[in-house]
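Accompanying notes for the structure given below.
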Amino acid sequence: MSGLLNLSGVSVHFSGLKALTDVSFSANAGEVTALIGPNGAGKTTLFNVVSGYVQPTAGEIHFKGEAIQGLTPHEVSEKGVRRTFQNGGLFGDMTVLENILTGLHVQINSNFWGLLFGTRKADEAERAAAARARRLLALMDMDGFADQQVKSLSGGQQRMVEIVRTIATEPPLLLLDEPAVGLSPPMRARMMEVIKRLAGEEGISILLIEHAIDLVMAGSDRIIVLNSGQKIAEGKPAEIRENREVLEAYLGYA
Amino acid sequence: MNQETPQKKRPLSQNGRIFYLVPLAAALIPFFANDYLQFIVNMIMVYVLVTVGFNLVIGNLGQLAFANTAFFGIGAYMTAILMTYAGFTYELALVGAAISGGLAGLLASVTALRGIRLYYLAIITLAFGELMRWVYIHAEPVTMGTDGLPLPDVTVFGMSMHSETAKFYVFLLITVLVVKGTSNLLKSRVGRAILAIRDNELTTASLGISTANYIILTFVWSGSVVGIAGAMFAASTERVFPESFGLTEVIVHFAMVMVGGAGSLIGSVIGGVVLTALPEYFRQFPGMEELFFGAIIIAVLLFLPKGLVSLLAKVSPLFRERYFRE
Ligand SMILES: Nc1ncnc2c1ncn2[C@@H]1O[C@H](COP(=O)(O)OP(=O)(O)OP(=O)(O)O)[C@@H](O)[C@H]1O
Ligand SMILES: [Mg+2]
């Protein structure tokens with residue numbers, strides 16, 4: 001068990017349907033690990049099982065050497081594994097800034113009584129958080145949208161906000177489910193750039209689900225290929241590009 | 001991680017200050033009002049806090065928990081009991097009412113935490129209120145049953161609170177402090193967490209926020225605020241009866257929340273004021289009180305689903321609260 005995240009023999013069955021069968025792999029610290037595979041291959045299910053939303057039928061999951069299978073989503077999140085959702089998990093009643101501030105929640109240094117009495121310390125903690133939220137938004141050129149309702153943003157912009165919000169939690173391991181879906185090509189490139197920078201500079205390790213194969217090839221350190229719930233290959237981008245089975249199962253159409 | 005210092009001192013809410021004028025203006029009421037009017041104004045403050053507390057659970061947290069009359073009754077009875085049997089002064093009994101209201105809130109939160117939601121939560125919490133009423137009626141040796149439990153002379157810091165004017169100033173101080181404290185909480189990370197839970201509990205948990213803690217906090221704070229309102233109600237009527245805390249009462253509370261605006265603190269204040277003052281006005285036309293009450297609830301729910309505050313928000317940005325969306 002060398003990696004930051006280790007899966008060994010993980011299976012997930014939904015009343016007969018084998019969504020994942022005996023999947024084992026490791027994701028290393030400081031790297032971008034990509035998860036690819038055709039629709040229905042079990043990628044999102046793998047995220048669900050790692051983040052505690054779905055319980056594994058069999059197998060073990062270790063994060064930083066600690067078993068995390070069977071924990072609740074909140075407990076997994078407290079251990080430092082955070083995720084985004086494939087179909088948007090933004091808080092629709094809030095502005096962009098407030099969404100990011102909710103991501104910063106646990107880092108805001110104020111207690112109940114300070115907040116109740118509106119002490120200067122509590123106020124300053126809120127203001128510092130707001131300033132930090134704006135800087136995080138600027139990372140993605142989203143600072144101009146800070147005070148807009150999230151409902152007024154395009155799908156791609158909402159995705160950006162969701163990623164910024166998850167980054168705001170400063171997770172040791174970030175799970176991104178198709179972050180570039182619905183983005184314009186320049187935004188996609190920018191997204192990949194930010195993801196790489198997060199891994200490189202901020203020390204956030206990333207597990208990424210992505211269909212756009214060019215982005216994956218260019219942006220990840222290692223690739224895991226799933227097909228019908230099974231791992232069929234794993235390796236560096238160059239190795240995956242050469243792999244016959246992958247070419248047939250997944251890239252074959254290209 | 002946080003070496004950053006705030007760059008600009010941007011006030012979080014630029015427009016809130018003007019609301020301080022409301023209690024300042026209200027402080028002049030005793031110079032104009034007769035005793036009857038003063039009594040109504042005092043009741044208005046009781047119901048403002050009743051609504052503020054209830055709205056936290058219904059509007060902000062979005063849980064259909066109707067234990068509000070239980071909190072209200074427990075606050076009122078606790079005040080009378082502590083003063084009668086334990087010789088507490090009113091200010092101490094008030095603290096006791098806040099704490100016991102909070103504990104009742106904690107109890108109510110257990111149901112929501114155990115995954116009991118929607119209609120089930122509604123029925124169980126309504127039953128909690130009815131159970132408490134049964135207790136007030138049958139714990140006769142302590143509560144004096146349906147005869148009601150009278151309060152001893154109400155004094156605050158040694159001064160008599162018997163006159164409506166004296167009650168008014170004490171109530172005004174309490175109301176301002178509680179509303180301001182609640183406003184502070186709602187504008188902060190606490191308010192955002194509560195709203196995030198209403199919106200999507202699982203996503204909120206995925207951000208490392210302990211959703212259970214905030215559900216408990218909301219119920220406890222709600223129970224305390226309504227418990228305080230109960231203590232004010234007891235001081236105002238000087239005798240507490242079980243019948244004040246029945247099912248009709250919870251309908252009145254709910255109407256105040258909805259008419260003012262679910263999820264809006266300003267809405268709570270408006271709902272408490274309007275639905276306490278107007279029925280009183282309509283009392284001079286016999287039979288009109290109930291009719292009016294029903295009519296305004298139907299009218300607001302049909303034509304202003306976000307309450308009277310949404311009407312004001314259209315007129316002035318002052319009424320656009322940060323975490324309330326028209
Ligand atoms: N909660 C569930 N209950 C039952 N079946 C499920 C559940 N979640 C996923 N599945 C099934 O498991 C299989 C894998 O789905 P999953 O969402 O993991 O695929 P995916 O690789 O993320 O696909 P896509 O690329 O389309 O997002 C599918 O057949 C799906 O219908
Ligand atoms: Mg998927």
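Below, chains carry the letters A, B, ... as their sequence lines are ordered, and counting in each starts from 1. The model shown is predicted, which means the values in this text are computed figures rather than measured ones.
For the options A:T169, A:V81, A:T102, A:L104, heavy-atom pairs under 4.5 Å to chain B are most numerous at A:T102. Chosen from B:T182, B:L202, B:L217, B:V190, the residue pairing most often with chain A at heavy-atom distances under 4.5 Å is B:L202.
Within a 6.0 Å radius of OH in B:Y169, more than 12 heavy atoms belonging to other residues, nucleotides or ligands are found. Residue-environment remark: CG (A:N109) stays at or below the threshold of 12 foreign heavy atoms within 6.0 Å. Counting heavy atoms of neighbouring residues, nucleotides and ligands inside a 6.0 Å radius, atom CZ of B:R114 does not exceed 12 of them.
Proximity to chain B is absent for every atom of A:T72, based on heavy atoms less than 4.5 angstrom apart. Looking at B:S210, both its backbone and its side chain come within 4.5 Å of chain A, counting heavy atoms on both sides. At a 4.5 Å heavy-atom cutoff, the contact between A:F112 and chain B is made by backbone and side-chain atoms alike.
Proximity of B:R192 to A:L101: side-chain heavy atoms (C-beta onward) are separated by under 4.5 Å at one or more points.
From A:I100, atom CD1 reaches atom CG of B:L207 across 10.0 Å, with rounding to the nearest 0.5 Å. Considering NE2 of A:H74 and CD of B:E201, their distance stands at 11.5 Å, rounded to 0.5 Å. In this structure, CG in B:L195 is found 4.5 Å from CE in A:M94, a value given to the nearest 0.5 Å.
Nearest heavy atom pair, residue A:S77 against residue B:A205, reads OG-O, 3.4 Å. In terms of heavy-atom proximity, A:V106 sits nearest to B:R189 at CA-NH1, 4.4 Å.
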Exercise for review: Would you sort out whether A:L116 and B:N184 count as a side chain to side chain contact (heavy atoms under 4.5 Å, CB included), showing the intermediate values?
Suggested key: CA-CA 6 Å; A:L116 179 64; B:N184 285 348; 5.8 Å; no
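With B:D199 contributing its side chain and A:D93 its backbone, the two residues share a donor-acceptor pair below 3.5 Å.
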